[in-house]
**Q** 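Starting off with a structure, shown below.
Just so it is clear: chains get the letters A, B, ... in the order the sequence lines come, proteins before strands, and each one is counted from 1. Just so we're clear, the structure is a prediction, and the values are computed from it rather than from any experiment.
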Protein chains: 2
Amino acid sequence: MVVDHLGTTFAALSDPTRRAMIERLSRGPASVHGLTEPFALSQQMISKHIAYLVRARIVIKTRRGRESVCTLRPEAIKTVSDWAISYRQFWEESFDKLDAVVNRMKSEVSNDKKHGQ
Amino acid sequence: MVVDHLGTTFAALSDPTRRAMIERLSRGPASVHGLTEPFALSQQMISKHIAYLVRARIVIKTRRGRESVCTLRPEAIKTVSDWAISYRQFWEESFDKLDAVVNRMKSEVSNDKKHGQ
DNA sequence: ATGATCCACAACCATATGGTAGTGGATTTT
DNA sequence: AAAATCCACTACCATATGGTTGTGGATCAT
């Protein structure tokens, strides 16, 4: 079976801890230890989350001495953006329709005012 | 605990069947039966997937006679887009840096050519 | 060399999810 | 009224995930 890259990406993003880690990494690479500190989670759990991000190709891990440095892959997040933007036309149309409805309601209201009830 | 809306949204998007259902619904509302046909999955399973999408507030279900009509909520997908776009600055900077590296490599290559090896 | 630090691996548990099969309730259709 | 259609509910199973504890291997500092 073909691997569902986008699927594993979304799955990786479904956890708030991992999204926070991404936010942290967007401000520069960090070691596993550096990622553990802010999160009140065990080091083992952080390693698991990182493994998940690595599997989803969102993060790259490189060994430097006794540290593992994690780096964010910008392409990964762009992939998500591209997916969502592919529906841009749909949601803009929907919002336009909503606008139209609102406007019609407004004019009906002013109509009511003119004609009384 | 506070509900992690974005998290359940991403989780809902992690399944290829559900993403295909979203693609289908972006072209207009459909009944459960209408959503079952293209997917070679049992009706029960499709109902489960729809329930997942409803829980993530991506889809709204309305009963009409014996049918349940599913409609896509455009705001839900816009949420995903907004999340990804919040990292736009990060990835554009990264791509710029990559460009810089590539350019430096190019100039080094032309340098090698000039000086021989 | 010894201890401390950073990290990975394994075993284990509870829960959620993807999937099946079976059933029964409404609503249309005939 | 009877049959067919559309859908939801339940029970059940295998697997993946979030989380824990325990441990051991490298690497750095003293």
**Q** Provide the full list of ring-ring contact (aromatic ring centres under 6.0 Å, His included) pairs with a residue in residues 32-53 of chain B, sequence neighbours left out, each pair given once.
**A**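 Matches after skipping sequence neighbours: none remain.
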**Q** Measure all distances between protein nitrogen or oxygen atoms and nitrogen or oxygen atoms of nucleotides 22-29 of chain C, and list the pairs falling under 3.5 Å.
**A**
unit_1 : atom_1 : unit_2  : atom_2 : d
C:dG22 : N7     : B:Gln44 : NE2    : 3.4
C:dG22 : O6     : B:Gln44 : NE2    : 2.5

**Q** Indicate, with a heavy-atom threshold strictly under 4.0 Å, whether B:Ser31 touches base, sugar-phosphate, or nothing.
**A**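 Sugar-phosphate, backbone atoms only, no base.
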**Q** Just the atom pairs and distances: protein N or O near nucleotides 12-18 of chain D's N or O, under 3.5 Å.
**A**
unit_1 : atom_1 : unit_2  : atom_2 : d
D:dT17 : OP1    : A:Tyr52 : OH     : 2.5
D:dT17 : OP1    : A:Arg55 : NH2    : 2.9
D:dG18 : OP1    : A:Arg18 : NH1    : 2.8
D:dG18 : OP1    : A:Arg18 : NH2    : 2.8
D:dG18 : OP2    : A:Arg18 : NH1    : 3.2

**Q** Quick one, A:Thr36 and A:Leu41 - any side-chain contact, counting heavy atoms below 4.5 Å?
**A**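 SC-SC contact between A:Thr36 and A:Leu41 ruled out.
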**Q** Under the salt bridge (Lys or Arg N to Asp or Glu O under 4.0 Å) rule, what do B:Arg19 and A:Asp4 come out as? Steps first, then yes or no, please.
**A** CA-CA 11 Å; B:Arg19 288 200 306 280; A:Asp4 177 16; 2.7 Å; yes
**Q** Name the residue from B:Trp83, B:Trp91, B:Phe90 that meets the ring-ring contact (aromatic ring centres under 6.0 Å, His included) definition with B:Tyr87.
**A**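 By the ring-ring contact (aromatic ring centres under 6.0 Å, His included) criterion, B:Tyr87 pairs with just one of B:Trp83, B:Trp91, B:Phe90: B:Trp83.
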**Q** side-chain contact (heavy atoms from CB on, under 4.5 Å) between A:Leu35 and A:Arg24: does it pass, once the steps are laid out?
**A** CA-CA 8 Å; A:Leu35 285 173; A:Arg24 165 69 190 78; 3.7 Å; yes
**Q** Does a sphere of radius 6.0 Å around CZ in B:Arg64 hold more than 12 heavy atoms from other residues, nucleotides or ligands, not counting ones at 6.0 Å or beyond?
**A**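 Atom CZ in B:Arg64 is not crowded, with 12 or fewer foreign heavy atoms closer than 6.0 Å.
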**Q** Think B:Ser47 has a side-chain N or O under 4.0 angstrom from the OP1 or OP2 of D:dC7?
**A**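 For D:dC7, neither OP1 nor OP2 has a side-chain N or O of B:Ser47 closer than 4.0 Å.
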**Q** Looking at B:Thr17, does any N or O in its side chain come under 4.0 Å of the phosphate oxygens OP1/OP2 on C:dG18?
**A**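 So the side-chain polar atoms of B:Thr17 never come under 4.0 Å of the phosphate oxygens OP1 or OP2 of C:dG18.
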**Q** Find the distance A:Lys61:NZ to C:dA8:C1' and express it as a whole number of Å.
**A**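 Interatomic distance, NZ of A:Lys61 to C1' of C:dA8: 8 Å.
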**Q** How close or far is atom C1' of C:dG18 from atom CE of B:Met21, stated in whole angstroms?
**A**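 Going from B:Met21 (CE) to C:dG18 (C1'), I get 13 Å.
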**Q** Is atom CZ of B:Arg57 surrounded by more than 12 heavy atoms (other residues, nucleotides or ligands) closer than 6.0 Å?
**A**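 Result for CZ/B:Arg57: open.
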